[in-house]
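To keep things clear, I will list the structure first and then write my remarks on it.
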Amino acid sequence: MTGVAHATPAACGERLLPPSSRAATGQRAIAARDLIELRDFGMMFDSAKRPAFSLSPDGRYAALILRRADPDTDSYCFGVMLVSLDGRIAFRLLDVGGEFIQAMTDPYGVTGVPSGLPVTEPPLWSPGGTSLAYLRRDRGQTQIWRVGLEGAPAEQVTNLTTEPRSLAWSKDGRTLLFTTRRLFDAGVAEIEREGRSGYLYDERFWSIAYARPTPKLPLPTEINALDLATGESRVVSVEQAAAMKGDAAVVFPADAGATAASPTGNRAWVASERADLPRGPTLLWVEVDGQSVPCTSRACREPIAALWWSGSDVLYILRNGNADNGGRSALYRWRPSAEPGPRLVLETKDFLPGCALTGASLICARETATHPRVLERIDPATGSSTTVFDPNPEFAGFPLGKVERLTWTDRDGVRTYGDLTLPPTHKPGERHPLIIVQYVSRGFQRGGQGDEYPIQLLAARGYAVLNFQWPAEAPEAAAKASAEAAQRVKVRNWSGRRRIFTALEAGIDTVIAKGVADSRLIGITGLSDGASTVQFALNNSTRFKAAIISSCCDDPNAAFNAGPGYGNNVVQGVGYPPAGADGREFWRGQSIALNADHLRVPLLMNLADGEFRMAQEAFAALKAHDAPVEMYVYSDEWHTKHHPAHRLAIYDRNIAWFDFWLLGLESNDPALAAEIARWKVMRAASPK
């Protein structure tokens, strides 16, 4: 992680340990640092697909990697936290230290591009439950570490020069399995040699970020077996690794999502409802005693996040929230051999980003709209719950704005929802300026996708905030076999973007109809798909008075700035006009650059240095037409920004931008004095 200070373990130990819930000294207003310095575990923007913690074999403990940002040192603290699930033993840190580990991506054929999101694999328990293995990064290199429960210091068990991922224990506890991609490292070395005579510009380039190619795909992943007694490792086959882990021989269909097998071999899995619609609706398939058991109830329809067998005959089903069901998670209990269908045990608008069954309890990460993630024990028979670990008990002392889940259907019959947060001081009859945050709304109302728009801070400043959940894609797109084919449908007359924006407008109208928002003062924000919605909104609506985006832009030249791989994909697979073609008719509904002559909504861009080149055409066009626009570029950042210092600056700047352009208020923060002066010049030059 370039350019980030490393916090000391001693200081981190103090920062990571939550205070006692009894230590509260009264209420105070929430501040930016309270959000940035949350104690987090698991993936912030996850969809209940990846584990946020792991359970000990005896079901007594949970282990997780706790992290906390520090904007002053621009660093993170990390620690291995042990939580007693019965609450009889206080939680404790088994190890403290390490650096941010970037999750890597391979977009459009290029390799090794950081995402900005952390690797969040939880520590893994040894088969005997006496120690934990986990990834830890120090001095720029990730290694495998191990720590016991008895209090001895953690130990580094590898000395690798390549990046390990995907840890697993062998069944006998003598071997640790992990994956590597050594040919990526060899490819980097080869590119260094190629650079001596110049790089051939081809599909290996991700040129919005790098002025050099990346290693060429395919790059196979090796499975390594580390002998803990000798410290030696060797590459093993998939079959050898499965034998070492003692993986059960239960076979599921190749396209199965969530799966579960009972001790007697009963099976349950989630797969496409129709083989000819691989991207279409999914269905729960159940097999008991070798016989298929049909289920036609709502519980067996998507989106199913996880399945568990309790004993041999009771199946628990966890359904996710989505746009069609109002974002509500639900837990069902079913004895397929004796009951006609699943029985609802728990339904909640809370977010459950990962659960695990142990004995008669379901242990879940859980977030409410006004409280960050905690670890809870849920009784799957009754749905009652008890918090077993709260990393952020301080949040009980903040006077937060009330959050209301709103659901609606737009004029085309498309259903979705959003979470409306009002100022803590809101009184009946008051109308507030409205800020739109996007594009996934679930759990703790923090800062939208990417966490750049602090919802509760905006509410504390007097804004109403609607966190908008994008709707499901149109049936025509969902019926396509590939993402590229679906996207081809969506960009035809920008129908996919129009579908999202029509649903958003219906949500805005719903808020206005409640009498809590001023229809004359609406700001809009977004990252990624949300930023594309902002573009469409500015081009096709006049109801927004200020905007901020965290990535940019869909424009004629931007498609080729990313590199030949991306350019070829969007032209050949999606249907964008090829380079050099007259694509004005295609682009007119979406492009900022082609509409810059009449766009006058003040636009702030907070962009990563790993992406900002895609915004150059839009920014230059807006500047050429004297539109009020400002762009900031943040170093060592990617699609999701991870530097704590940057996140603090973005929070402050975004609030100041809306205060200035919506309310006419000028920040008195000396750090913002220069930009306020520039904004005043832009405002004076803007048409009244």
Next item on the list: Kindly state whether the ring of His642 and the ring of Phe100 have centres lying under 6.0 angstrom apart.
Entry: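 Between Phe100 and His642, which both carry aromatic rings, the centre distance is below 6.0 Å.
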
If you compare all heavy atoms of [X] against all heavy atoms of [Y], which two are closest, and at what distance to 0.1 Å?
{"X": "Thr214", "Y": "Ile191", "answer": "C-CD1, 3.3 Å"}
{"X": "Trp125", "Y": "Gly129", "answer": "CZ3-O, 3.6 Å"}
{"X": "Leu135", "Y": "Arg165", "answer": "CD1-CA, 4.2 Å"}
{"X": "Ala323", "Y": "Ala472", "answer": "CB-N, 4.0 Å"}
{"X": "Tyr201", "Y": "Gly563", "answer": "OH-CA, 3.7 Å"}
{"X": "Ala260", "Y": "Phe252", "answer": "O-CZ, 3.5 Å"}

Side-chain donor or acceptor of [X] paired with backbone N/O of [Y] under 3.5 Å:
{"X": "Arg319", "Y": "Glu302", "result": "yes"}
{"X": "Arg267", "Y": "Val251", "result": "yes"}
{"X": "Ser550", "Y": "Leu527", "result": "no"}
{"X": "Glu452", "Y": "Lys641", "result": "no"}
{"X": "Arg212", "Y": "Tyr199", "result": "no"}
{"X": "Arg136", "Y": "Trp145", "result": "no"}
{"X": "Thr158", "Y": "Ile144", "result": "yes"}
{"X": "Arg182", "Y": "Glu222", "result": "no"}
{"X": "Glu367", "Y": "Phe444", "result": "yes"}
{"X": "Asp74", "Y": "Ala645", "result": "yes"}

So how far is it from [X] [atom1] to [Y] [atom2], rounded to the nearest 0.5 Å?
{"X": "Arg39", "Y": "Leu66", "atom1": "CZ", "atom2": "CG", "answer": "7.5 Å"}
{"X": "Leu307", "Y": "Tyr316", "atom1": "CG", "atom2": "OH", "answer": "13.5 Å"}
{"X": "Leu217", "Y": "Phe184", "atom1": "CG", "atom2": "CZ", "answer": "10.0 Å"}
{"X": "Cys12", "Y": "Asp70", "atom1": "SG", "atom2": "CG", "answer": "8.0 Å"}
{"X": "Ile65", "Y": "Leu16", "atom1": "CD1", "atom2": "CG", "answer": "10.5 Å"}
{"X": "Glu150", "Y": "Ser131", "atom1": "CD", "atom2": "OG", "answer": "8.5 Å"}

Validation row: [X], [Y] side chains within 4.5 angstrom (heavy atoms):
{"X": "Pro118", "Y": "Tyr76", "value": "no"}
{"X": "Gln102", "Y": "Trp638", "value": "yes"}
{"X": "Val83", "Y": "Phe53", "value": "no"}
{"X": "Leu132", "Y": "Leu149", "value": "yes"}
{"X": "Asn159", "Y": "Gln143", "value": "yes"}
{"X": "Arg146", "Y": "Leu228", "value": "yes"}
{"X": "Glu121", "Y": "Ser166", "value": "yes"}
{"X": "Pro71", "Y": "Arg33", "value": "yes"}

Next item on the list: Please name the residue in the list Asp106, Thr162, Thr221 that meets the side-chain hydrogen bond (donor to acceptor under 3.5 Å, both in side chains) test with Arg181.
Entry: Asp106

Margin query: Applying the side-chain contact (heavy atoms from CB on, under 4.5 Å) criterion to Ile363, which one of Leu357, Leu55, Ile378 satisfies it?
Written below: Leu55

Notebook entry, point to check: Can you name the one residue among Leu362, Leu315, Thr358 that meets side-chain contact (heavy atoms from CB on, under 4.5 Å) with Trp308?
Noted result: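 Filter result, single survivor: Leu362.
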
Check: Does a side-chain N-to-carboxylate-O contact under 4.0 Å join Glu232 and Arg234?
Finding: no

Notebook entry, point to check: Is Arg204 salt-bridged to Glu194, going by a charged N under 4.0 Å from an acidic O?
Noted result: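 Yes, this pair counts.
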
Check: Are more than 12 heavy atoms from other residues, nucleotides or ligands located less than 6.0 Å from atom CD of Glu14?
Finding: no

Note to self: Does the plane of the ring in Tyr108 sit parallel, tilted or perpendicular to the ring in Trp206? Use 30° and 60° as the thresholds.
What the structure shows: parallel

Next item on the list: Assign the ring pair Trp269 / Trp285 to parallel, tilted or perpendicular, where the plane angle (0 to 90°) is split at 30° and 60°.
Entry: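 Trp269 vs Trp285 ring planes: parallel.
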
Residues [X] and [Y]: side-chain donor-acceptor under 3.5 angstrom:
{"X": "Gln141", "Y": "Glu163", "value": "yes"}
{"X": "Ser551", "Y": "His639", "value": "no"}
{"X": "Asn224", "Y": "Thr180", "value": "yes"}

Next item on the list: Cation-pi check, Arg442 to Phe351: give yes when NZ or CZ is under 6.0 Å from the six-membered ring centre and within 45° of the ring axis, no otherwise.
Entry: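 Yes - Arg442 lies over the ring of Phe351, closer than 6.0 Å to its centre and within 45° of its axis.
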
Check: Which is it for His646 and Asn606 under the side chain to side chain contact (heavy atoms under 4.5 Å, CB included) test, yes or no, and what are the steps along the way?
Finding: CA-CA 10 Å; His646 291 162; Asn606 290 309; over 6 Å; no

Note to self: Val574 vs Asn569, test: side chain to side chain contact (heavy atoms under 4.5 Å, CB included). Steps then yes/no.
What the structure shows: CA-CA 7 Å; Val574 177; Asn569 175 275; 4.0 Å; yes

Checklist line | Worked verdict on Thr282 versus Ile304 for side chain to side chain contact (heavy atoms under 4.5 Å, CB included) | finding: CA-CA 8 Å; Thr282 60; Ile304 295 175; 6.0 Å; no

Note to self: Does Leu352 form a side chain to side chain contact (heavy atoms under 4.5 Å, CB included) with Leu318? I'd like the steps, not just the answer.
What the structure shows: CA-CA 9 Å; Leu352 302 175; Leu318 178 64; 3.9 Å; yes

